[in-house]
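Letters go in sequence order (proteins before strands), and every chain restarts at 1.
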2 protein chains.
Amino acid sequence: MPNILFAARSERWDQYETPLRQALSDVGLGDALLTTEAAPETVDYIVYAPNSEVQDFTPYTRLKAVLNLWAGVEDVVGNPTLNVPLARMVDEGLTDGMVEWVTGHVLRHHLGMDTHIHGQDGVWRAGSAPPLARDRTVAILGLGTLGSACARALATLNFRVLGWSRSAKDVDGVQTFHGSEGLKDVLHRAEIVVLLLPDTPATENTLDAEALALMPTGAVIINPGRGPLIDDDALLSALDAGQIGHATLDVFRTEPLPPEHPFWAHPRVTVTPHIASETRAPSAARVIAENIRRGEAGEPFLHLVDRSLGY
Amino acid sequence: MPNILFAARSERWDQYETPLRQALSDVGLGDALLTTEAAPETVDYIVYAPNSEVQDFTPYTRLKAVLNLWAGVEDVVGNPTLNVPLARMVDEGLTDGMVEWVTGHVLRHHLGMDTHIHGQDGVWRAGSAPPLARDRTVAILGLGTLGSACARALATLNFRVLGWSRSAKDVDGVQTFHGSEGLKDVLHRAEIVVLLLPDTPATENTLDAEALALMPTGAVIINPGRGPLIDDDALLSALDAGQIGHATLDVFRTEPLPPEHPFWAHPRVTVTPHIASETRAPSAARVIAENIRRGEAGEPFLHLVDRSLGY
């Protein structure tokens, strides 16, 4: 039976211990040793949060795989001491929560809800209805598990959905683009842009001053992806100029976002505290247990990270 | 060729004249007389807004049908001078717009968006994620064209959707209830209730003090249907008591809602100015032209109102 080290902050252990033991039992590994402390040379698998104390994998001499608890791997993928397979978390709970958050905020901006949420002053602001979703173009940058699921949900609501990814991908009901010329085409048409790209050196500042200038005047940006995807100073300038109509930002280069950061006070920015979605312990535990079962059975791991691409 | 009177406020004529002439032409009635003024005894069809000047249908001696421009017929169905078929508007644009508005506001409350839209004060309000939609119960009261479409859209997003109507109806993916006992069952479980019932004597004050008391503490009410569905004083008491957590109201007994009405100032109420959806001229014109074609061909009209039920 394998030895499994759970390397994450202690509050995660409180959430995960019971679901993990249950999920291991469900795949026939009820006798596995699951622990938060183990002599490194005895460990077969690490269930891993990149902000845990384990940063040097060298002493883990018999390690078979690192199973990330997070969808994002940018804080572990470049670790030079890691020489075994690394799997990212693909959790249906995380995906479903992201679809709900993205769909909700796209509809919020599509419908112009904030005018009324803020405007409870007795003034009856009637006027014409917003365009229908079929006449609204929404772009999803990043067509991994999360981006593809969000693109499909928005297409089901009749939005005109454009999808962009580094390399060519197909998503049902979505017009897809790739490469740097494709990105320009997408930005040029997008009234609402949702960022769900991985955080890699190649994606940093995807929305820089040049990219923001391509977008239609008054376009909206929604970022539940990663903070470094946006050049913050360029975004603030574009917001001040009215080039960008609003930005709803859930992720930042520094979290929590410092109280003095200009995003907080900007009338065209909504800051949300990295809540768009999170991994849910019961479904995530099943994903981890399945990968350990595969490792023990000599089957290929699911959701492996391509270390050369960084995601 | 039939004579068609367009009886609505003049700004509607500006919106509808071109689409109606086009739609009539498309069904082979390009030679019909379409006008805003006609001797009553010459009129075959009235395209009708209940707030128009035509309130006495007696002089329209050869009238074949009244084709309502609105989904709601409560201001015409009881007119004792109307003795010809009355068709309500069933417009795919109206339906799609309502689905978008309802889905958006359900997600807004589901996700707790207002906390962050209002909370741009530098405080990082992290915390646990909301439940997933699959663990959130939403009830739709009224399963006509609009209610059924909204119920299906919310079920597609994985919400647990309960539907209620006066008489038994089936909607794919939705657990349906009917009758007064069914209403109690639904209200007892609904964390978010959406009102899309017609306005009839039988539906007035559907949400009265007794009904509100059945709902789970902190439940949310969304009313894009008709103002009289709610007992306003009972709702204000339930909001003050915390029994109801929030009400987003788009329709009122008096519109525009008077500035002094307590809904405006209540911290747990969002007033929107009857914008949830509106009939869209291009698609509505096609519905009207099709019904006139049917009348001329001796075929049954679509979307007829049952005068005994009032909708």
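- For B:Thr103, the parts lying under 4.5 angstrom from a heavy atom of chain A are both the backbone and the side chain.
- Proximity to chain A involves both the backbone and the side chain of B:Thr270, based on heavy atoms less than 4.5 angstrom apart.
- To the nearest 0.5 angstrom, A:Thr156 atom OG1 is 8.5 Å from B:Leu157 atom CG.
- Proximity to chain B (any heavy atom under 4.5 Å) is restricted, for A:Pro131, to the backbone atoms N, CA, C and O.
- Most heavy-atom pairs under 4.5 Å with chain B, from the set A:Glu260, A:His274, A:Met113: that is A:Met113.
- The choice from A:Pro259, A:Gly104, A:Pro130 that makes the most heavy-atom pairs within less than 4.5 Å of chain B is A:Gly104.
- Against chain B, no residue from residues 225-239 of chain A qualifies, as none has a non-hydrogen atom under 4.5 angstrom away.
- With chain B as the partner, the residue from A:Trp124, A:Phe159, A:Trp101, A:Phe263 showing the most heavy-atom pairs under 4.5 Å is A:Trp124.
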Exercise. Step by step, would you call B:Arg108 with A:Leu107 a side-chain contact (heavy atoms from CB on, under 4.5 Å)?
Worked result: CA-CA 9 Å; B:Arg108 168 189 160 219; A:Leu107 283 166; over 6 Å; no
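- In this structure, the portions of A:Asp96 lying under 4.5 Å from any heavy atom of chain B include both its backbone and its side chain.
- Of the atoms belonging to A:Val123, it is backbone heavy atoms, and not side-chain ones, that fall under 4.5 Å from chain B.
- Looking at A:Leu111, only its side chain comes within 4.5 Å of chain B, counting heavy atoms on both sides.
- A 6.0 Å sphere centred on CG of B:Asp121 holds more than 12 heavy atoms belonging to other residues, nucleotides or ligands.
- Crowding of B:Asp170 atom CG: a count of heavy atoms from other residues, nucleotides or ligands under 6.0 Å not exceeding 12.
- Using a 4.5 Å cut-off between non-hydrogen atoms, the part of residues 133-154 of chain A that approaches chain B consists of A:Ala133, A:Arg134.
- For B:Arg286, the salt bridge (charged side-chain N to carboxylate O under 4.0 Å, His left out) partners at least two apart in sequence or on another chain are B:Glu92.
- Using a 4.5 Å heavy-atom cutoff, the side chains of B:Arg125 and A:Thr272 are not in contact.
- Within the 4.5 angstrom heavy-atom criterion, no atom of A:Thr115 approaches chain B.
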Problem set entry | A:His116 and B:Thr248: CA distance, side-chain angles, deciding distance, side-chain contact (heavy atoms from CB on, under 4.5 Å) verdict | CA-CA 10 Å; A:His116 305 291; B:Thr248 289; over 6 Å; no
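- Only the side chain of A:His110 comes within contact range of chain B, with heavy atoms under 4.5 Å apart.
- Here the side chain of A:Gln120 pairs a donor or acceptor atom with the backbone of B:Val271 at under 3.5 angstrom.
- Qualifying side-chain contact (heavy atoms from CB on, under 4.5 Å) partners for A:Ala284, counting only residues two or more places apart in sequence or in other chains: A:Tyr16, A:Met89, A:Asp91, A:Thr279.
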